[in-house]
Amino acid sequence: MKMNYEDRDTYGMYKGRAGMAPGPDARRGPGPELMGADTLIGNDVYNHKGEDLGQIKDIMLDMRNGKVGYAVLSFGGFLSMGEKLFAVPWSALTLDLNNKRFVLHVEKDRLKQAPGFDKEKWPDMVDQAWAKEIHSYYGTRPYYDEPLL
């Protein structure tokens, strides 16, 4: 059974908000503008064509500046065997409220060729050369280059 952020809502923070369209009432948070990280882990990721790209396995927070850096996406394999992990820039993902999943605008074949890693050998995610490669691949601006609010 697939689960989404509403299914993982152990504190009831999204209760009564299902089906609400974005707008003044829905923007008060929590959800969809401000959400608990633990409710997002395990959510499905699809592309703009409706193809299943995998699941969010983790969310990487930059403890130096308090920003969300990456979502770790698992793709391929069966029962976690042979799956490949990808650090996807958080800004490359959009939350699809109607289907309660994330959307990543990348072709499935392009994701197969993306820089990825094995769960036993994670990259050095604070290395700026690595980060530039990842952001360049997904066409996003590095989060650490964005101005502070």
Only one of F86, Y138, W130 passes ring-ring contact (aromatic ring centres under 6.0 Å, His included) with Y70, and that residue is W130
I'd like to check [X] versus [Y] (side-chain heavy atoms, cut-off strictly below 4.5 Å). Are they in contact?
X	Y	result
L104	F102	no
D58	I41	yes
L85	L73	no
D118	E83	no
R64	V126	yes
V68	M60	no

For a quick test of reading the model, state the closest non-hydrogen atom pair linking [X] to [Y] and the distance between them.
X	Y	answer
I134	A87	CG2-O, 3.3 Å
H135	P89	CE1-CB, 3.5 Å
G116	K84	CA-CE, 3.6 Å
G36	T39	O-OG1, 2.6 Å

OG on S74 to NZ on K119, rounded to 0.5 Å:
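It is 10.0 Å, given to the nearest 0.5 Å.
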Just verifying a value: how many Å separate N43 CG and K100 NZ, rounded to the nearest 0.5 Å?
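So the gap between those two atoms works out to 11.0 Å.
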Go through the structure and list residues passing salt bridge (charged side-chain N to carboxylate O under 4.0 Å, His left out) with E133, not counting sequence neighbours.
none
Please list, one pair per line, the donor and acceptor atoms closer than 3.5 Å that link side chains of residues 108-115 to other protein atoms, with sequence neighbours excluded.
unit_1	atom_1	unit_2	atom_2	d
K108	NZ	D52	O	3.4
R110	NH2	Y137	O	2.8

Has the side chain of N47 got a donor or acceptor atom that lies under 3.5 Å from a matching backbone atom of E51?
yes
Verify, without hydrogens or angle tests, whether N99 (side chain) and R101 (backbone) share a donor-acceptor contact under 3.5 angstrom.
no
From CA spacing to verdict: salt bridge (charged side-chain N to carboxylate O under 4.0 Å, His left out), E107, K49
CA-CA 8 Å; E107 300 289 331; K49 292 182 173 180; 2.9 Å; yes
Shared ILVMFWY cluster between L95 and V103, side chains joined below 4.5 angstrom?
no
Under the rule for side-chain contact (heavy atoms from CB on, under 4.5 Å), what residues qualify as partners of A71, not counting sequence neighbours?
I56, W90, L93
Candidate pair V88 and F75, rule side chain to side chain contact (heavy atoms under 4.5 Å, CB included), full reasoning:
CA-CA 12 Å; V88 175; F75 176 71; over 6 Å; no
